Every structure is written in structure tokens, then in C-alpha cells.
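Reviewing the structure listed below.
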There are 2 protein chains.
Amino acid sequence: MATIRDVAQRAGVAPSTVSYVFNGSRSISEETRRKVREAVEALGYHPRASARTLRSSRTRVIALALPRAAGGRHAVDGRFAIELSDAAHGLGYDLLLTTSEDKAEGLRRVALSGLADAAVLMAVDMEDARIDVVRELAFPAALIGRPADEDALPWADLDWAEAAATTVRTLAAAGHRELVYLAPAEREVSAGRSYALRGIAGARRGAAEAGCAVEVAHALDDPDLMAARLRVLFGDARDGGAGAGRRPTALVVQHPSAHHHILASLHAATGLRVPEDLALVVIGTLPDDPSSSRLPRIELPVRTLAVEVTRLAVAAAEALRAPAAGVDGAEDRPAARLLADSVGHLLVPPAPLPGATGSLTARPPAV
Amino acid sequence: MATIRDVAQRAGVAPSTVSYVFNGSRSISEETRRKVREAVEALGYHPRASARTLRSSRTRVIALALPRAAGGRHAVDGRFAIELSDAAHGLGYDLLLTTSEDKAEGLRRVALSGLADAAVLMAVDMEDARIDVVRELAFPAALIGRPADEDALPWADLDWAEAAATTVRTLAAAGHRELVYLAPAEREVSAGRSYALRGIAGARRGAAEAGCAVEVAHALDDPDLMAARLRVLFGDARDGGAGAGRRPTALVVQHPSAHHHILASLHAATGLRVPEDLALVVIGTLPDDPSSSRLPRIELPVRTLAVEVTRLAVAAAEALRAPAAGVDGAEDRPAARLLADSVGHLLVPPAPLPGATGSLTARPPAV
DNA sequence: CTGTTAGCGCCTTCAA
DNA sequence: TTGAAGGCGCTAACAG
């Protein structure tokens, strides 16, 4: 466990010189640089993160606050965690995962103990308690998700409302008059999750604009219950023709990870076939998921969101650290103000993908 | 940003007293304790992790080394990341995600810079390069996956070989004579992934023991290619009866995350129905995944593995730190030896789940 | 272009 | 039961 002094001694220079070689903030002669490099090599020296952090109050770590609410979302959350880690590494940061029952607890602890320079917050609610926490602590943070107060903190999100609206409009334009919008589970809605509420609102708006009818229902985790609900929504096509004229002809599913089993049970539950009897579009699928690649869909741009939100988080951390050099009067603004001034957003417009069957624009079944 | 001195001053005690109140390793009068607590409360004091770590060389962080090989595994890796984070919190640790292209690079950096007390390694190969790395660095580590050298490091894993073998035996006992074992993608095999190789070996062993035939094939990411391969394996039942007698009657899928699309395309590709025409069992599904809950399967016990491997990693870290107090002659053993002495394993036996249809024990179709 | 030095905040030994 | 003091390893003035 060599220290910077060992290296300095072996290279015949001062510790600070070694430090500067690593941090490169002053000019070093090529000769000295070489000697230091050799000593570093010979001793297998690597700077200690804790000492650096103590001295510079900079961790080069980003925290991911991932509330562990009951039920689902594993797939999406896990995928984001991995992509965020990649994105953080791309900017020279590591990613610290803080899962906690209490939404704000882990975040508070990480901020207070100085474990990270900034935080990325997932599972954002419209009125998210963590927004107040990070503002109170003047801790740099960025959200994956669009809260009600859009200027409170930087955020990045898919435009769920427009994704739903454009999907409904497109289906209406193809002739569908009665649609079902299968939104995330009810618990997501009652928790106030931004993506769920915005998706539903967008579906309603799209229907109003296009003059068609949309029924909003919620996904269920249990396959049997889900099948039963599908039967209520669509009836059973095998029960004879009665009521077929009233049956919805299109289904939009906004359920980030569980559309698999919905699809799987759709035919068994209702006798309907996609796309012959029913047009189907999924909103919020994960990229590179073979089981959704054949469906008409709007993907969740995980990579883009991860990269951008990481950038925003890092930018917030740096805004706090370098108080707007060059801008006069900027020196003594309080930390909270510095952070507030640095908010930026990214609202990714939905990019509908056709799927293999092209069923998005399928005409409704003849009645 | 209050420090321990601020607290001490306000409480009218020495800094060391405050420290002892936090770390509780000597007796403090109730009176003093109260004064300190009040000062802590009033100042919002929280100890700085970096200072603690610098002083004690203890981070209370566990690193997760997650090689980012191309293709798939997102779902499983992400799920493990989340469960490991929960498990780490349960033991008072945080989880640092280090994804890297180069399998060993991130791990080496984290170990050398002292960012973590121990590492958990995922995507374990039979001969894993990282095993040498952590041994060389004498860095505590535990594996999710069972390497060829089982005594090199502590590990926890599902018994993939027995999972495959027991599945094949059960199917054979139900009368199936020709089975297909759809193993993970070829890249996983050629990379030497432990779970893939052991699963295949187990399937072959089970078939040999039961006296039935098993054909091993590999999953493909692309749905169209996968469908084509299924057609090769099973033919198309709608092409008339020719060759139906030779068709395999059971399919075992060992593909941790992509069995969804395999199922989805099975009927379209071959005309076969599950379970009427084909018995199907999936090995390595994720718990709480509605889309696999109806299938006969052997789940990947993510929670158990995460908890146990975390325990093993922490135990290794502590073995290094407290050299077997009480055992004589233990004081001056080298670090590598201390770690080697503390290896433990957990091999989780497979627990077959019946699925809703009970197709696991379905008799083969009449020929 | 390089060296010297003073801490960053905390834990822990030693002394009382 | 409590205080005082040293130093973990590093960075960034300040001084040459």
C-alpha cells in the first residue's frame, strides 16, 4: 500500500509534484514526469479515494436513489441502474446504489455523509418528497422522470403524455373508434408516479382530439386477475357474435415490463388475435428486448435518459463547486440558488416503431 | 457542514467523546450522551464517510463488478444489482456498481483506490481472470457463480447442473424420449460462463442417466433467427404428419431472461402448442415475473444468492481485518492466506415449480 | 518548473 | 468516565 510519499521519495521529488502529475494542473518537466511514472509503476501506487475526497471534498461518485416500493419495476429499474453506471463511468464517476424502503432516507444519508457528489432519482412522483430533501440539503440532483414542478430540479424523461396521445391519434386515424388504454398498476397511480399519470392524461387528450373513445384500465400483476380483467374489457370472442360490434378494436399497453404476460394471456382470455382482431401498441418497452421487438411500440430510451440525467447531475455538482466564474456578483449566492440556476431538462419525444406486423395502422376489424 | 469539533464544542465535551458516542466502544455517562445527542441534533451533524475511511481504512461499501459483455443478461444483472443493494444495506453497507468493458479493470481500480471493502463478482466464467486479480491484490471477494476451482474464492450459485439433470430425468420419467435443451446463447458458452456450461453438462448427464435423447441447441437473440431454429428443431406440425414420430416431445429452456420471445414464437414457428403438443420447462426464471409464473420452471433464487454472497463478501472483508483473534499463530499469516482460509460456498439445490398447467409431467403426445 | 507546509474530519492510543 | 494529541494520504496554497 504505497503512498504518495513513497512515490515521491523513490522518484526523488516532492509529494506535491507527484500529486500534480496525477491531477495535471501545473506544468511538469518531461524528465520529472518520467521519474514519477517509473516510481508509480515500480511501487504499484494508486491514490486513495478517501484521502482525495477528504482533502478535496469531491468523491467522483454519483448516487442512484432507488426507492424499493413493493411490486414490479425490477426490470426497468435494474436496466437503468446498469445504464447509469455506464454513463457515470463515461464521465469519470462511479455509481452508488442506494435502495431504501423510505424514499428519502438513503438519499439523505448519502448526502449528509458525503458519499457522493450528486444524486440521480428514480421512480419520480408528481410531488416528490425527495425534491424538498435535496433542496434543503442543497445537494445536487437530477431526476429520471418529470415532476409537477418542472423547474425544481433538472430532469430527463420520455414524453409519456405525447407518447400516449400520438398512439391514440394514430389508431383513431386508422379507423379505430373504441380503444382500451391499459395503464400501469393502480398502485403506481395512487403513488402519484409521474409517468403513469402523464401517460393516462395523454391518452385521454389524444382521444379527445381524435374524437374517439378510450377506456382506461390498469394492469395487474397476477396473471389470472389480469386475464379476468381482459375478459371484462373485451368479452370473449368465442362466445358467439353478440356484442362484437361494441368491442374495442385497439389496445394500448403502458406497462414498462409486464406486457409479456398480458400478451401471453390475451388470446387465451378473450379469443382475440393480434393483429387480426385487435390492434396492439406497447408504450415504454425496453430496448434490445427480443420479446417486444416485433410489436408496434414506443420504446423507453433508457440509454439516452441515463446519459443525459447523468450529465445533468454532474453539471449540478459542478455548478455548486465552481460558482459561475466570470459572472459578476455570482460569488456569494447561496448554494440553493446556484443549483436552482443550473436546472436543465430533456423531454424526449416519442418515436413510434412499427413492429414486424405493422399492426399499429391496421384497420379495425369489419363489424 | 458541522464537524465533530463543532459538536464537541456545543456539547461542552471533547471530540473524542463525540466519536465514542457514535462508535460506542467505551462507556459514556447518560448525561454526556444526552448533551452530545442534543448538539448533534441542533447542528445536523453527520460524520463524513471519507474521514472515517481515511482513518479506519474501512469504507462500508461493497463493489459489484459487472462486466458489460455484449448482448442480453440485462434483466438478470439488473435484478441482481438491486437485490445485492438491498442485501448490502441489510448488513450496513452500500453497493458501488462498477461496470466495465474489460472484465477486470473496474475491479482493479476499485480495489486499488480503496473504494470498497470487498467485491461481488457477477458473470463468472469457469476460469475467471478476476479470480487471479483479487488474489494478487488480496482483495476480499465473493462470486455469484461457481468457478471451476471451487476453493479459490467464496461463491454462491444455483446448482444449474442438477437443475438441468433433474428436469431431464423428470421429463424422461413422464415418458419423453426425445428432448431439446435450449441452452444460453453461444457467446455465453464460448466465453466459458459457468452457468451455461454446467447447465448443458447437467442436461447431458440427466439424459444419460434416464436413457433418453437430448439435443442441445442455443438460444438466439433475434426473434426471426430463433423462430427458424425452432423450426429446424421441431419441424412444422402443420406440414402434415410426416416425421411427427421423430419430433422431440419436450423442450427445456435455460435462458435467464429471453424465454419470453421463445415462447411467443414457438407456436407461430412450429404450430406446436404447449402443453398439448410439447412439454415445456424453463430453468432460471426470475422470481415475481408474471410472464413465467404459469410455467413449470426452476427459478433463479436471486434474493437468496444475493443475501448469501453479500454475507460471504463481508465475511471475507472481516477475516482480513480481524486475523482470527484467539487462534494462535494466526497473527502473521499473509493476507492471501487469511482470505483463502475463509472461503465458504452455497450451492442452492433446484426447486422445481409446477406451473399452472402442470405440463412438466404431461405425457408425450400420442405418436 | 519544483518544494514545503498546513490542514481536510475522524478515530484511537495514551494519559488522567 | 473523559481529554489531548497524532496522524491516516492527499491537495493546494504559498514560497522559491
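Source: prediction; values computed, not measured. Convention: sequence-line order gives letters A, B, ...; per-chain numbering from 1.
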If you check the [X] side chain, which of [options] turns out closest?
{"X": "A:S16", "options": "D:dT1, C:dC1, D:dA12", "answer": "D:dA12"}
{"X": "B:T32", "options": "C:dG3, C:dG9, D:dT2", "answer": "D:dT2"}
{"X": "B:M1", "options": "D:dT2, C:dG9, C:dC1", "answer": "C:dG9"}
{"X": "B:R48", "options": "D:dG9, C:dT12, C:dC10", "answer": "C:dC10"}

In terms of side-chain geometry, is the basic nitrogen of B:E318 or B:R321 positioned less than 4.0 Å from the acidic oxygen of its partner?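 Looking at B:E318 and B:R321, the cut-off is not met.
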
Between B:E30 and B:R37, is there a salt bridge with N-O shorter than 4.0 Å?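 Result for this pair is yes, salt bridge flagged.
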
Between [X] and [N], does any side-chain N or O lie under 4.0 Å from OP1 or OP2?
{"X": "A:R52", "N": "D:dT11", "answer": "yes"}
{"X": "A:S27", "N": "C:dC1", "answer": "yes"}
{"X": "B:Y45", "N": "C:dC10", "answer": "yes"}
{"X": "A:T53", "N": "C:dC8", "answer": "no"}
{"X": "B:T3", "N": "C:dG9", "answer": "no"}
{"X": "A:T17", "N": "C:dG3", "answer": "yes"}
{"X": "A:N23", "N": "D:dT11", "answer": "yes"}

Can you tell me the distance, in whole Å, between the [atom1] atom of [X] and the [atom2] atom of [N]?
{"X": "B:L112", "N": "D:dC10", "atom1": "CG", "atom2": "C1'", "value": "16 Å"}
{"X": "A:R5", "N": "C:dG7", "atom1": "CZ", "atom2": "C1'", "value": "14 Å"}
{"X": "A:L115", "N": "C:dG9", "atom1": "CG", "atom2": "P", "value": "16 Å"}
{"X": "B:D6", "N": "C:dC8", "atom1": "CG", "atom2": "P", "value": "11 Å"}
{"X": "B:R33", "N": "D:dT1", "atom1": "CZ", "atom2": "P", "value": "10 Å"}
{"X": "A:Y20", "N": "C:dC1", "atom1": "OH", "atom2": "C1'", "value": "12 Å"}
{"X": "B:R58", "N": "C:dG9", "atom1": "CZ", "atom2": "C1'", "value": "18 Å"}
{"X": "A:R55", "N": "D:dC10", "atom1": "CZ", "atom2": "P", "value": "13 Å"}

Assign [X] to base, sugar-phosphate, or nothing according to its heavy-atom contacts below 4.0 angstrom with the strands shown.
{"X": "A:G12", "answer": "sugar-phosphate"}
{"X": "A:F22", "answer": "nothing"}
{"X": "B:S19", "answer": "base"}
{"X": "A:R26", "answer": "base"}

Contact nearer the 5' end of DNA chain D, comparing B:V13 with B:L54: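 The answer here is B:V13.
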
For DNA chain C, whose closest nucleotide is more 5', that of B:I4 or that of A:P15?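 First, find each residue's nearest nucleotide; the 5'-ward one identifies A:P15.
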
Side chains of A:H89 and B:S100: is there a donor and an acceptor less than 3.5 Å apart?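 No, because no side-chain N or O of A:H89 sits under 3.5 Å from a partner of the opposite role on B:S100.
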
I'd like to know if the side chain of A:T99 pairs up with that of B:S85 as donor and acceptor (distance under 3.5 Å, no hydrogens or angles considered).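 A:T99 vs B:S85: donor-acceptor pair found between side chains.
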
More than 12 heavy atoms of other residues, nucleotides or ligands under 6.0 Å from CD of B:E31: is that the case?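 For B:E31, atom CD is crowded (more than 12 foreign heavy atoms under 6.0 Å).
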
Close side-chain approach of A:D151 and A:H345, heavy atoms under 4.5 Å: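 When only atoms from C-beta onward are counted, A:H345 and A:D151 do touch, with a gap below 4.5 Å.
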
